[in-house]
Amino acid sequence: MRFNPWTSEGKRFAIGGSGDGKDKMLIIGLVAIIVVAVAIAGWSLLSGDDEDAGFKRDELGFHCAACENEWVLTTKEFENFQASIAPEDWGNHVGPMGTIIPECPSCGHSQSAQPMTWCPACEKWFYSQPDYMDPLGGGAAECTHCGTNIMQWRRDNAKK
């Protein structure tokens, strides 16, 4: 006899088929374990303290390629800048990767701002030329002020 999953012929495991409820409890238990595991994974990803891992969430540092000016915006200032862009002007503020690029406060150029990296060791912003061979695309991972390897610092100082 050939097994047909759509009929009761040859059926070996059927929810509710045995009448004692053990199979239903097994499925409910497995689903509960999966839900708890997903909840724990989500919580650990979303609740991490990024300051401890060397990230600065309340500020964004920029470097102007046109005039070499460097400046820092708070996240609120950056959100206000985004909201102030007129729809017809949107194209002048979107970078090659689809990111919003603020105008340089010194020269006013709207396409020359490049992100800087926060050094958690000396607590300064620094700019380094992007390393396009870097799989993370984060540019050089060494602080230009104190020489700290940022990626190594994050590995060594991440909460365990």
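Keep in mind that this is a model prediction, so the values were computed, not measured. Along the sequence shown, residues are numbered consecutively beginning with 1.
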Whether the side chain of Asn157 engages the backbone of Trp153 through a donor-acceptor N/O pair (distance < 3.5 Å, no angle test) should be reported. yes
Side chains of Glu70 and Tyr127 only: does a donor on one sit below 3.5 Å from an acceptor on the other? no
Correct closest heavy-atom pair for Ala113 and Trp71 would be CB-CH2, 3.7 Å
Given Thr74 and Leu60, is the side chain to side chain contact (heavy atoms under 4.5 Å, CB included) satisfied, shown in steps? CA-CA 6 Å; Thr74 65; Leu60 301 166; over 6 Å; no
From Glu142 atom CD to Met151 atom CE, the distance as rounded to the nearest 0.5 Å: 13.5 Å
Apply side chain to side chain contact (heavy atoms under 4.5 Å, CB included) to Trp125 and Val72, showing your working. CA-CA 9 Å; Trp125 288 97; Val72 176; 3.5 Å; yes
Where do Cys64 and Ser106 land on the side chain to side chain contact (heavy atoms under 4.5 Å, CB included) test, with the steps shown first? CA-CA 9 Å; Cys64 179; Ser106 180; over 6 Å; no
Just wondering, do Asn69 and Cys107 contact through their side chains at under 4.5 Å, heavy atoms? no
Hey, what do you get for CD1 (Ile101) to NE2 (His109), rounding to the nearest 0.5 Å? 10.0 Å
Distance in Å, Trp118 CH2 paired with Cys143 SG, rounded so as to fall on 0.5 Å steps: 10.0 Å
For Pro120 versus Ile150, what's the shortest heavy-atom pair and its separation? CD-CD1, 3.9 Å
Kindly compute the distance separating CG (Asn149) from CZ (Arg155), expressed to the nearest 0.5 Å. 6.5 Å
Start with the C-alpha gap between Glu59 and Phe78, add the side-chain angles, then the distance that decides, and say whether side chain to side chain contact (heavy atoms under 4.5 Å, CB included) holds. CA-CA 9 Å; Glu59 293 180 346; Phe78 189 71; over 6 Å; no
If you round to the nearest 0.5 Å, how far is CD of Gln114 from OG of Ser128? 10.0 Å
Spacing of NZ belonging to Lys124 relative to OG1 belonging to Thr117, to within rounding of 0.5 Å: 15.5 Å
